[in-house]
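Report on the structure given below.
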Amino acid sequence: MLAVSFCGMRLRNPLILASGIRGNSADLLIRAAKEGAGAVTSKSCSLKPREGHANPTAVNEGAVWLNAIGLSNPGVEEEVVELKKAVKHCGVPVIASIVGFSVEEFGLVASKISQANPAMIEIDASCPNVEGKGKMFSSCVEDAVLVTREVRKSTSLPISIKLSADVPNIGEIASECISAGANCITAINTVGGMYIDAYAQRPVLHNWFGGVSGPAIKPIALKAVYNIRKAVGPDVPIIGTGGVVTGLDAVEMIMAGATAVGIGTAVAIRKNAFREISKEMKAFMKKKGFRSISDIKLIEK
Amino acid sequence: MLPQPVKVVKIEKENQSVVTLTLSCRMPEAVPGQFLMVWLPAQQEEKPYSLADNDPVKITVGARGPFSTALCSLKKGDFVWIRGPYGRGFELKGKKILLVGGGYGFAPLRFLAKEARKKKISAIAVCGARTKSLLLKAASCKTIYTTDDGSYGIPGNVLAGMAFLFKKHKFDLVYSCGPEKMMQAVAKEAEKRKIASQLLLERYMKCGIGVCGHCCCGELLVCVDGPMFWYSQLKSNPEFGKIWRDKSGKKVSI
């Protein structure tokens with residue numbers, strides 16, 4: 001009832017563990033699969049090990065979760081070992097998230113990570129381009145296209161590019177990335193934000209700025225996914241991510257144009273998130289007489 | 001939750017390098033084994049600390065690195081920022097229990113001894129350290145001491161203290177906090193006598209709220225699945241007693 005297929009992957013349900021969430025080891029990816037994820041995405045991996053930012057790296061308040069972990073990861077050499085194990089034992093497609101701080105680094109990581117044979121490579125394009133003006137790769141068409149082309153040259157695996165909604169033209173960026181060789185779009189990444197502690201007289205996160213996730217960003221994600229769908233046409237797969245906590249949230253994401261649905265912060269908000277969300281999706285579909293995910297249609301004006 | 005500013009209202013020196021700070025807040029629902037994320041904006045760092053008491057809230061800190069040294073040098077009236085209580089704490093069960101702590105790992109066990117007394121559970125504690133000057137103050141239950149160098153109490157590690165108590169007492173459950181290899185040995189020793197153990201694990205923690213996954217031990221997350229784990233959950237865990245991860249997530253031998 002919930003199965004979906006795209007980019008050569010067959011998922012038993014459309015729920016994909018999002019990158020950066022409990023995905024830093026093979027054991028954790030296997031756990032997410034056991035807990036009912038349709039596919040899993042590893043934490044973004046860079047060429048060299050990165051310690052990330054000092055704490056506080058993540059705080060939450062109601063519907064808002066704010067983090068700046070700083071892309072800590074043990075580097076691609078160790079990640080290949082972990083991913084090989086995950087690919088072997090997860091029983092669901094494993095998507096490898098990669099990050100780079102130059103166009104060249106993205107290519108090198110993509111090429112190395114391909115040795116682990118993940119089902120797809122996801123480009124984490126919301127990191128600063130240190131060769132440019134320090135803005136995110138996903139912040140303009142030009143940089144997003146450069147990085148997509150480089151990864152396309154470096155691997156024969158399907159690739160998705162994860163985009164940020166902190167732009168006025170996410171649809172245009174998405175369709176240009178598809179023209180540059182991406183097979184799929186993941187949207188959205190966290191939304192830029194900060195907290196300030198009045199008594200401490202400084203921002204709460206060590207990095208000052210972070211990314212907002214959780215229920216607060218659902219409306220932003222829904223609009224971004226809809227805009228992308230309109231821009232890329234009906235056939236390009238989209239992993240709609242951002243603020244999905246319930247089965248109805250997931251259905252809404254598919255109605256906005258998503259092919260599959262990323263699950264991130266929800267795993268910390270509710271126990272057994274994947275199973276519960278699947279159950280709620282099925283209950284909704286039964287009520288509406290939907291027999292498969294393809295019966296959930298894109299909203300039309 | 002966001003970090004909340006609270007005042008240091010009392011400072012007790014435990015020994016040459018360990019202090020217990022009393023904070024200006026209460027957490028009556030918090031249980032031993034749960035932890036707080038403690039932020040010092042001036043140090044630009046935040047670290048997890050086990051609760052040493054809940055009403056008022058206390059934490060016991062050993063001066064180890066720059067952050068813990070700064071915490072230890074706070075004065076009455078200074079502020080710290082806390083969020084929590086987080087994680088799964090100890091579960092009090094049985095009629096007679098044994099508490100085994102190493103170094104400042106003994107602190108949450110003193111809180112546990114206090115809660116056990118409220119529930120009319122009889123407790124005996126073993127408090128171990130390398131040497132006399134590193135021991136913590138006694139718990140509110142009977143406390144026996146061990147030192148590796150024999151400078152105080154029973155000579156040897158906490159296992160010597162356990163062996164001494166097992167001669168005269170029968171326990172329903174063992175609770176332990178301290179270095180991981182010590183806890184592993186304590187749990188194995190208890191298992192020989194068919195006694196279950198609850199252990200308090202530590203890993204490098206980033207978010208503290210179950211999102212980032214950095215504090216994993218095998219497939220377990222110390223921040224939300226623990227920090228209390230039954231030994232039966234850990235026995236076959238490939239990383240328990242062996243591996244933890246540095247700031248980058250690189251595996252490091254314990």
Side-chain angles (χ1 to χ4, degrees), chain A residues 17 20-32 34-35 43 45-46 48-62 64-67 69-75 77-79 81-82 195 197-206 213-214 264-269 271, chain B residues 1-7 37-49 65-67 78-84 86 88 203-225 236-240 243-252:
Chain A
L17 177 74
I21 307 288
R22 301 187 181 182
N24 24 13
S25 73
D27 286 345
L28 286 182
L29 294 169
I30 294 164
R31 170 180 171 163
K34 272 198 251 171
E35 287 177 343
K43 182 168 174 62
C45 146
S46 52
K48 297 267 158 57
R50 283 177 58 86
E51 291 197 342
H53 302 309
N55 284 342
T57 45
V59 293
N60 62 330
E61 183 190 39
V64 175
W65 294 59
L66 179 73
N67 88 83
I69 302 284
L71 297 162
S72 55
N73 77 91
E77 300 293 340
E78 188 157 329
E79 184 67 6
V81 178
E82 289 294 312
Y195 273 120
D197 186 286
Y199 285 95
Q201 292 177 264
R202 60 159 287 137
V204 174
L205 293 181
H206 181 266
S213 67
T265 306
V267 301
I269 293 178
K271 280 221 158 82
Chain B
M1 68 186 294
L2 297 175
Q4 306 293 316
V6 293
K7 253 186 204 170
M37 293 300 285
V38 180
W39 178 38
L40 285 180
Q43 291 296 315
Q44 305 205 14
E45 186 56 278
E46 185 197 44
K47 298 265 185 197
Y49 282 89
F67 180 80
D78 285 346
F79 278 92
V80 299
W81 278 252
I82 57 169
R83 49 193 183 101
Y86 289 138
R88 178 173 71 151
R203 285 292 181 277
Y204 191 90
M205 215 173 263
K206 295 203 169 187
C207 77
I209 44 182
V211 207
C212 77
H214 199 91
C215 64
C216 61
C217 174
E219 62 164 34
L220 299 171
L221 292 177
V222 170
C223 71
V224 287
D225 300 325
S236 56
N237 187 304
E239 296 184 356
F240 172 62
I243 288 164
W244 83 332
R245 285 174 173 73
D246 68 9
K247 282 184 191 175
S248 76
K250 212 173 172 59
K251 289 178 182 176
V252 184

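Labels below follow one simple rule: chain letters A, B, ... track the order of the sequence lines, proteins then strands, and each chain is numbered from 1.
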May I ask you to decide whether A:E82 forms a salt bridge with B:K251, counting only side-chain N to carboxylate O separations under 4.0 Å? yes
I need the minimum non-hydrogen distance between B:G249 and A:E78, along with the two atoms involved. O-OE2, 4.1 Å
Could you work out, with salt bridge (charged side-chain N to carboxylate O under 4.0 Å, His left out) as the rule, every residue matching A:K34, not counting sequence neighbours? B:E219
Which answer fits A:Y199, side chain, backbone, both or neither, if we ask what part of it has an atom under 4.5 Å from a heavy atom of chain B? both
Between A:D27 and B:E239, what is the shortest heavy-atom contact and its length? OD2-OE2, 4.2 Å
Scanning both residues in full, the closest heavy-atom pair of A:R31 with B:L220 reads NH1-CA, 3.9 Å
Contact origin within B:N237 toward chain A - heavy atom pairs under 4.5 Å: neither
Separation between CZ of A:R22 and SG of B:C207, rounded to the nearest 0.5 Å: 8.5 Å
I need the minimum non-hydrogen distance between A:S25 and B:R245, along with the two atoms involved. CB-NH2, 3.6 Å
Between B:R83 and A:V59, what is the shortest heavy-atom contact and its length? NE-CG1, 3.9 Å
Enter the distance from A:L28:CG to B:C217:SG here, rounded to the nearest 0.5 Å. 10.0 Å
Structural part of A:D197 lying under 4.5 Å from a heavy atom of chain B: side chain
Bottom line for B:P3: the part with an atom under 4.5 Å from chain A's heavy atoms is both
Toward chain A, the part of B:M205 with a non-hydrogen atom under 4.5 Å: backbone
Using distance only, find each side-chain donor-acceptor pair of residues 208-216 of chain B under 3.5 Å and give its atom names and separation, not counting sequence neighbours.
| from | atom 1 | to | atom 2 | distance (Å) |
| --- | --- | --- | --- | --- |
| B:H214 | NE2 | B:D246 | O | 2.8 |

From B:K247 atom NZ to A:T57 atom OG1, the distance as rounded to the nearest 0.5 Å: 11.0 Å
Which heavy atom of A:A54 sits nearest to which heavy atom of B:E45, and what is that distance? CB-OE2, 3.9 Å
